[in-house]
Amino acid sequence: MGGKQENSVELTESGLNPQKFVTDVDGKKTGLYILKNKNNMEVCVTNFGGRIVSIMAPDRNGTMRDVVLGFDSIQDYIKYPSDYGASIGRYANRIAHGRFSLDGVTYQLPQNNYGHCLHGGPKGFQYVVYDVAHVDSSEIKLCYHAKDMEQGFPGNLDCSVTMKLTDDNSIDIRYEAQTDKPTIVNMTNHSYFNLDGDPNRNNSEYLLMVNASSYTPVDSTFMTTGEILPVEGTPMDFRQPTVLGEQLSKDSEQLKNGHGIDHNWVLDTKGDINQVCASLESLYSGIKLEVYTDEPGIQVYTGNFLDGTQTGKKHITYNFRASVCLETQKYPDTPNKPQWPSCVLRPGEKYMSHTIFKFTVDK
């Protein structure tokens, strides 16, 4: 702990008061759980939505900076619906018109985003209370039982999210799920990274790299068209570390459709967890984030809908493009695009997904 005090309560290194995370939501208890490693890195997690609330990572001078957006209390997470830091499910990203068919049965989901179902619907996993199955000084395992037809999805789904803070300054996240009926699953973490450690600064100077030669374009409702197009010659080409703001300022129908970048990339890593699939770097702080995953895609979202209406941790207002999200996952609307990697989970099978967020410093 940092030894800081607030009304005689010891605060986390990131300045959070754990007592502000203790409450009841839907009859289940919430709390704040603190992970540390030998380098004094700290990650705070709440079981409300399986959310990463803060990440204290060292900058080039060794100063610890909080590099994700979030709120100071559970009450704020409830008051201001958001995806900040959440473990998203049952299906991350969008499903067209909230509708899909599986084994000849058509299912209708809530339509909560431009006529589509986004992030599992208006009460996706980001708004439920996960059970804490295990927690120690560096690891937490969160579990959730989603009932058959919850938010319209078939099957009783037992899922877990295990987050481990390792001594190489990585957050290792593993998702698992099993079902009693054929269903679809696509889980991800929705942290909003601000590697400056200063949400008053936007993402325009970040260096972004995405290890992908192609991406999935979207229409004006943010829905994938079904095409897979090459990034070459477009503002979506991040095969080399590229200044994000320069790409965002280009004239492009895709940037207009996404209000910036809110797109899925088809990763060249082909499920190899040992290859960097994306990286983000702040030249201001020197903090670099490398992402590894065994998933086929990554959604990059540049905070285009942050509009100054939400005040986050330490009373800082979150303005336009104050962060970047790097969401590893199956492609959007996969249930309606059978040519894409399947998200179907059947009884007797186990859904497994693995993502690593590794923090380094470029001096």
Side-chain angles (χ1 to χ4, degrees), residues 49-50 83 86-112 116-131 133 141-163 172-190 216 223-224 226 264 266-267 269-273 277 292-299 327-356:
D83 303 318
S87 297
I88 301 289
R90 178 178 306 202
Y91 193 93
N93 219 310
R94 295 167 177 88
I95 295 175
H97 311 294
R99 197 162 52 245
F100 71 97
S101 294
L102 181 58
D103 295 345
V105 181
T106 299
Y107 296 94
Q108 181 63 57
L109 312 173
Q111 294 165 277
N112 61 322
H116 309 302
C117 183
L118 174 63
H119 294 329
K123 191 149 186 192
F125 293 179
Q126 65 270 51
Y127 300 117
V128 306
V129 179
Y130 284 77
D131 297 312
K141 181 176 182 179
L142 302 170
C143 296
Y144 181 65
H145 174 78
K147 294 178 181 175
D148 182 31
M149 300 311 293
E150 184 174 316
Q151 294 293 287
F153 291 92
N156 289 292
L157 188 80
D158 287 298
C159 66
S160 67
V161 183
T162 303
M163 301 182 191
D172 187 300
I173 307 178
R174 294 177 185 266
Y175 308 89
E176 295 186 3
Q178 292 177 288
T179 182
D180 62 355
K181 279 169 61 175
T183 190
I184 58 173
V185 187
N186 187 29
M187 297 184 71
T188 195
N189 179 269
H190 209 308
T216 53
M223 178 50 61
T224 46
N264 166 73
V266 176
L267 292 171
T269 50
K270 298 186 175 7
D272 183 356
I273 190 75
C277 76
Y292 303 80
T293 188
D294 56 6
E295 290 289 353
I298 187 167
Q299 183 88 5
E327 308 157 58
T328 58
Q329 57 193 278
K330 305 288 189 292
Y331 310 159
D333 199 35
T334 287
N336 295 309
K337 297 183 168 82
Q339 70 274 25
W340 289 357
S342 175
C343 61
V344 174
L345 180 69
R346 298 184 180 280
E349 298 175 346
K350 183 178 275 192
Y351 165 84
M352 301 178 75
S353 180
H354 187 193
T355 293
I356 299 168

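Position 1 is the first residue of the sequence, and the numbers go up from there.
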Verify, without hydrogens or angle tests, whether [X] (side chain) and [Y] (backbone) share a donor-acceptor contact under 3.5 angstrom.
| X | Y | value |
| --- | --- | --- |
| Thr216 | Asn264 | yes |
| Thr355 | Thr293 | no |
| Asn186 | Ala92 | yes |
| Asp294 | Asp272 | no |
| His116 | Arg94 | no |
| Ser342 | Val344 | yes |

Checking [X] now: which residues fulfil side chain to side chain contact (heavy atoms under 4.5 Å, CB included) with it, not counting sequence neighbours?
| X | value |
| --- | --- |
| Leu142 | Val45, Asn47, Tyr130, Val132, Ile140 |
| Cys143 | Ala133, Lys141, Ser160 |
| Gln151 | Pro110, Pro122, Lys123, Phe153 |
| Thr269 | Asn211, Leu267, Gln275, Cys277 |

- request: Hey, could you give me each pair passing ring pair (Phe, Tyr, Trp, His ring centres under 6.0 Å) that has a residue in residues 336-355? Not counting sequence neighbours.
  value: Tyr331-Trp340

Less than 4.5 Å apart, any side-chain heavy atom of [X] and any of [Y]?
| X | Y | value |
| --- | --- | --- |
| Ser353 | Lys330 | no |
| Tyr107 | Pro154 | yes |
| Pro347 | Thr179 | yes |
| Thr106 | Phe100 | no |

Contact summary for [X] and [Y], nearest pair of heavy atoms:
| X | Y | value |
| --- | --- | --- |
| Leu109 | Cys117 | CB-SG, 3.9 Å |
| Tyr91 | Cys343 | CE1-SG, 3.6 Å |
| Asp333 | Ala96 | OD1-N, 2.9 Å |
| Leu118 | Asn112 | N-OD1, 2.8 Å |
| His145 | Asn156 | NE2-OD1, 3.5 Å |
| Thr188 | Tyr175 | C-OH, 3.2 Å |

query: Given the rule in the side chain to side chain contact (heavy atoms under 4.5 Å, CB included) test, do Ile95 and Thr334 qualify, once you have shown the distances and angles that lead to the verdict?
result: CA-CA 8 Å; Ile95 295 175; Thr334 287; over 6 Å; no

Can you list everything that forms a salt bridge (charged side-chain N to carboxylate O under 4.0 Å, His left out) with [X]? Sequence neighbours excluded, please.
| X | value |
| --- | --- |
| Lys147 | none |
| Lys181 | Asp148 |
| Glu327 | none |
| Arg99 | none |

If you measure from [atom1] on [X] to [atom2] on [Y], what distance do you get to the nearest 0.5 Å?
| X | Y | atom1 | atom2 | value |
| --- | --- | --- | --- | --- |
| Lys350 | Glu176 | NZ | CD | 4.0 Å |
| Arg90 | Thr183 | CZ | OG1 | 4.0 Å |
| Leu157 | Asp180 | CG | CG | 9.0 Å |
| Glu295 | Lys270 | CD | NZ | 15.0 Å |

- prompt: Can you name the side chain to side chain donor-acceptor pair (under 3.5 Å) partners of Gln126, sequence neighbours left out?
  reply: Asp83

Under the side chain to side chain donor-acceptor pair (under 3.5 Å) test, residues paired with Gln299 that sit two or more places apart: Asn93, Asp262

- prompt: Please, which pairs that meet salt bridge (charged side-chain N to carboxylate O under 4.0 Å, His left out) have at least one residue in residues 339-349, sequence neighbours excluded?
  reply: Asp103-Arg346

- prompt: So Ile173 and Val161, side chain to side chain contact (heavy atoms under 4.5 Å, CB included) or not? Walk me through it.
  reply: CA-CA 7 Å; Ile173 307 178; Val161 183; 3.9 Å; yes

task: Test side chain to side chain contact (heavy atoms under 4.5 Å, CB included) on His119 and Phe125 and set out the steps.
output: CA-CA 8 Å; His119 294 329; Phe125 293 179; over 6 Å; no

field: Verdict with reasoning, Asp131 to Tyr144, per side chain to side chain contact (heavy atoms under 4.5 Å, CB included)
entry: CA-CA 6 Å; Asp131 297 312; Tyr144 181 65; 5.9 Å; no

